[in-house]
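Below is one structure, written out as structure tokens, with a few remarks after it.
All of these numbers come straight from a predicted model, not from anything done at the bench. Every chain is numbered from 1 and lettered A, B, ... according to where its sequence line falls, protein lines coming before strand lines.
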Amino acid sequence: MQKEKFKSLTSTVVPLPIENIDTDQIIPARFLKATTREGFGENLFRDWRFDNNGNKKDFILNNPNYYGDILVAAKNFGCGSSREHAAWAIHDYGFKVVISSFFADIFKNNALNNGLLPVQVSDEFLSKIWAQLEADPHSTIEVNLEAQKVILADGSSESFDINPYKKACLLNGYDDIDYLLSLKDRITQFESAN
Amino acid sequence: MSATTLFDKLWDSHVVNRREGFPDVLYIDRHYIHEVTSPQAFDGLRKRGIPVARPDRTTATADHNVPTKDQHLPIKEALSRFQVETLRKNCREFGIELYDLLHPFQGIVHIIGPELGLTQPGMTMVCGDSHTSTHGAFGSIAFGIGTSEVEQVLATQCILQYKPKQMRIEVNGKLGKGVLSKDIILYIISQISSSGGNGYFVEYAGSAITNLSMEARMTICNMSIEMGARGGLIAPDQTTFDYVKGRKFAPQGEAFEEAIAYWKTLKTDEGAQYDKVLTFNAEDIEPMITYGTNPGMGIGITERIPTVAELKDHREEASFKKSLEYMALEPGSQLLGKSLDYVFIGSCTNARIEDLRLVADFVKGKRKAANVEVLVIPGSKQVEQQAIREGLDKVFEEAGFELRSPGCSACLGMNEDKVPAGKYCISTSNRNFEGRQGPGARTFLASPLSAAAAAITGKVTDVRELI
């Protein structure tokens, strides 16, 4: 099945300078009861965005100065539960890229499997991003998957890693299950040999 | 041949296809599924018009959002009911065995796999749940996956994965009085932080680990994910074989003897290399408790919460302050004596029969403090029935503890078992994240023994003073 493609984008940014953001914060368990992949964006960061009565709290997603396709967070983003709903919620809300200095393993896989690009940068480069956004909340960042580069408004840049297989999947919209199904004979051979 | 680790042996023997620049295609021996992370995967199969490759290697149960009261009645909450009904429909349509509510084998997925003998040494196992690492206690590779990966495994019985780095964590020596395996793992996480294991698969070793029962080993492996590690494993030994022997789906008779002969080969070779090795002394570990909003924020029960100046990394300051503000705790203060509102004994970390026995042994003849509500949620129907056979239900009743039916319950607050906003709960579960046990709930993670002591005194207590 053809998947969504990602090549590059330039966008304003939403900063979330908090460490160890776990998937329970991204989407609390009580919102995991849907049986489809859609609609989770509504409850993204639910308990940070709204109080118990549904009133907006003082949180970055409620601040009209910050918007865009890129979310930037401090280290160890996406730790905790394996719920793919976290990646769905971020993507459904409208983000295409998450930048952090460190991603939890399962979240990273889940993001990559849903056309949401996790971009890991150094602590120093992350500090530069915070500084740029403090100086000008409306400034933009470019993320180029083909060149594997993040480029800031002042032209400074850093390369990021992505495994070549997932890169090809994202650039071309390839699908993991199509690839696995193409290996069906190998799998059957393995089963009969073991 | 060069010396290899147990993890290398297990991984390499399950690689179906290896190709430069591509992730390994890893064969999965057993796939556990539950109601929350599987519906979208089944939908994917329907869209593609393909069946489940190996329904015989797939086992389903309903655990995450099921009620723990009146399980014989239809589930009240409409969305939860629909999710469980969707699981039933999917299992029927795709021919998968389901241990549904009221089935004698139903329970938390990581508790029922081992107790049914479905989990065995040498296997690869996955589930759409991060605590799948639990099954590594049998000397197997087990890790949590996302729903897209659940679909991969349903479709092909294989998963695309890059081989992780490997870490060995050795704990040597003798555990002190009142110190349990939960304290070992909380201690390790407090030392290396909630991201210290990121990118690694862990092998636990050392005398303090090998002296543990299977159930205690499962608690250790269960919380591997809480240090960011994908999974953790322990080489199988006689303790493992004795546990597996005679279980429902374990090999029987001659087949069991043959299996043991193979399982005995499952160990790390002398001189095998790890990417990282950490060593701890069991004697340094006291009963542990967490004070913050990630499992790495743990201290010994007699220690103080750190001050801002004592933080190892000044960049953590903002997150540290946010966390203590949420918990309404002062930096530098002690937790001992802190008044509590709830005690939760349950979850895939600590709701096996051994945990319930430990708690019952301690509370026998005692009565809970008036200021706390105490919930005991057995990990499975089998644990519940065993507890009743042993009379533990009477002990709990006399102590004022409420014993309910199995499920994930207040560990993640998906069903109605929630801790109210602003209330303090000492919990035998695995996560103290903001809102994990309910919006605004404040969680202290601890061992079943520490939780039992707190239930009796109504406050954070050093259990060693009561035994």
Side-chain angles (χ1 to χ4, degrees), chain A residues 1 17-25 28-30 32-37 46-48 51-52 74-76 79-88 102-107 109-114 123 127 163-166 168 176-181 183-184 186-187 189-191 194, chain B residues 13 16-17 21-23 25 27 36-37 39-40 43-44 47-48 50 53 64-65 77 79-80 82-83 86 128-130 132 144-149 151-152 155-158 160 162 164 194-195 198-199 225 228 230 294 296 315-316 318-319 322 412-414 421 431 433-436 439-440:
Chain A
M1 288 199 308
I18 301 168
E19 293 184 346
N20 300 316
I21 295 178
D22 59 78
T23 53
D24 273 82
Q25 306 317 312
R30 62 188 191 280
L32 304 185
K33 296 180 184 179
T35 51
T36 62
R37 289 173 191 244
R46 174 73 193 204
D47 295 336
W48 288 355
D51 67 17
N52 288 347
K75 78 167 190 205
N76 200 25
C79 58
S81 153
S82 61
R83 62 190 68 165
E84 194 161 311
H85 313 64
W88 298 337
F102 208 70
F103 288 95
D105 286 336
I106 304 181
F107 176 81
N109 279 353
N110 288 342
L112 287 167
N113 286 339
N114 285 279
D123 286 329
S127 304
N163 70 63
Y165 169 78
K166 270 296 160 196
D176 287 329
I177 294 178
D178 287 344
Y179 171 58
L180 280 172
L181 288 170
L183 297 170
K184 212 171 172 182
R186 298 292 297 254
I187 298 170
Q189 265 173 27
F190 179 91
E191 284 181 322
N194 286 273
Chain B
S13 67
V16 172
N17 201 44
F22 282 70
V25 176
Y27 193 79
V36 178
T37 58
Q40 295 86 352
D43 270 353
K47 279 186 194 142
R48 292 169 199 272
I50 54 173
H64 275 63
N65 70 27
E77 214 263 323
L79 286 173
S80 298
F82 184 67
Q83 217 170 33
T86 302
D129 187 282
S130 59
T132 308
I145 58 177
T147 300
S148 295
E149 294 169 318
E151 191 180 335
Q152 289 178 24
T156 66
Q157 204 56 33
C158 290
L160 293 167
Y162 285 90
S194 63
S195 59
N198 211 319
I225 184 73
R230 198 65 191 277
N294 77 59
R315 282 171 306 193
E316 287 170 10
S319 305
K322 182 177 186 299
L412 84 167
M414 258 196 99
R431 287 185 177 140
F433 297 150
E434 280 185 36
R436 172 82 178 180

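Residues B:A421 and A:N52 share a closest heavy-atom pair of CB-ND2, 4.2 Å. Heavy atoms only, all atoms of each residue included: A:S81 and B:R436 are closest at CB-NH1, 4.4 Å. Of all heavy-atom pairs between B:G228 and A:D105, the closest is O-OD2, 4.0 Å. Across A:P164 and B:G21, no two heavy atoms sit closer than the pair CG-O, 3.6 Å. Nearest heavy-atom pair across B:R230 and A:N109 is NH1-ND2, 3.7 Å. What you find for B:S13 and A:N194 is that their closest heavy atoms are O-OD1, 4.5 Å.
The contact between A:Y165 and chain B is made by backbone and side chain atoms together, counting heavy-atom distances below 4.5 Å. Interface remark: A:Y179 contributes side-chain atoms only to the contact with chain B (heavy atom separation under 4.5 Å). Heavy-atom distances place the side chain of A:N20, and not its backbone, under 4.5 Å from chain B. Residue B:S319 touches chain A through its side chain alone, counting heavy-atom pairs closer than 4.5 Å. The contact between A:D178 and chain B is made by backbone and side chain atoms together, counting heavy-atom distances below 4.5 Å. Only the backbone of B:I145 comes within contact range of chain A, with at least one heavy atom under 4.5 Å from a heavy atom of that chain. Proximity to chain A involves both the backbone and the side chain of B:N198, based on heavy atoms less than 4.5 angstrom apart. Heavy atoms of B:E316 lying under 4.5 Å from chain A belong to its backbone as well as its side chain. Of the atoms belonging to B:I225, it is side-chain heavy atoms, and not backbone ones, that fall under 4.5 Å from chain A. With a 4.5 Å cut-off on non-hydrogen atoms, B:T86 touches chain A through its side chain but not through its backbone. For chain B, the nearby part of A:E191 is the side chain; its heavy atoms alone come within less than 4.5 Å. Using a 4.5 Å cut-off between heavy atoms, A:Q25 touches chain B through its side chain atoms alone.
Among the candidates A:F103, A:W88, A:F107, the residue making the largest number of heavy-atom pairs closer than 4.5 Å to chain B is A:W88. Here A:A34 is the residue among A:A74, A:A168, A:A34 with the most heavy-atom pairs under 4.5 Å with chain B. Heavy-atom pairs under 4.5 Å with chain B were tallied for A:D47, A:I21, A:L183; the largest tally goes to A:L183. No other option in B:A318, B:G296, B:S80, B:A155 has as many heavy-atom pairs under 4.5 Å with chain A as B:S80. Annotation: maximal heavy-atom pairing with chain B below 4.5 Å, among A:I18, A:N163, A:N110, occurs at A:N163.
Rounded to the nearest 0.5 angstrom, A:L32 CG and B:Q83 CD are separated by 7.5 Å. Rounded to the nearest 0.5 Å, atoms NZ (A:K33) and CD (B:E77) are 3.5 Å apart. How far CG of B:D129 is from CZ of A:R83: 9.5 Å, rounded to the nearest 0.5 Å. Rounded to the nearest 0.5 Å, atoms CG (A:L180) and CD (B:E151) are 10.5 Å apart. Here the CG atom belonging to B:L79 is positioned 13.0 Å from the CZ atom belonging to A:R30, to the nearest 0.5 angstrom. To the nearest 0.5 angstrom, A:W48 atom CH2 is 4.0 Å from B:K322 atom NZ.
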| message | For B:T156 and A:K184: C-alpha separation, side-chain torsions, deciding distance, then whether side chain to side chain contact (heavy atoms under 4.5 Å, CB included) applies. | response | CA-CA 7 Å; B:T156 66; A:K184 212 171 172 182; over 6 Å; no

| request: Could you please spell out the steps behind the side chain to side chain contact (heavy atoms under 4.5 Å, CB included) verdict for B:T37 and A:H85? | output: CA-CA 8 Å; B:T37 58; A:H85 313 64; 4.1 Å; yes

| message | I'd like to know whether A:D22 forms a side chain to side chain contact (heavy atoms under 4.5 Å, CB included) with B:N294, so could you lay out the CA-CA distance, the side-chain angles of the two residues, the decisive distance to 0.1 Å, and finally the verdict. | response | CA-CA 9 Å; A:D22 59 78; B:N294 77 59; over 6 Å; no

| Worked check of side chain to side chain contact (heavy atoms under 4.5 Å, CB included) between B:S148 and A:R37 | CA-CA 11 Å; B:S148 295; A:R37 289 173 191 244; 3.5 Å; yes

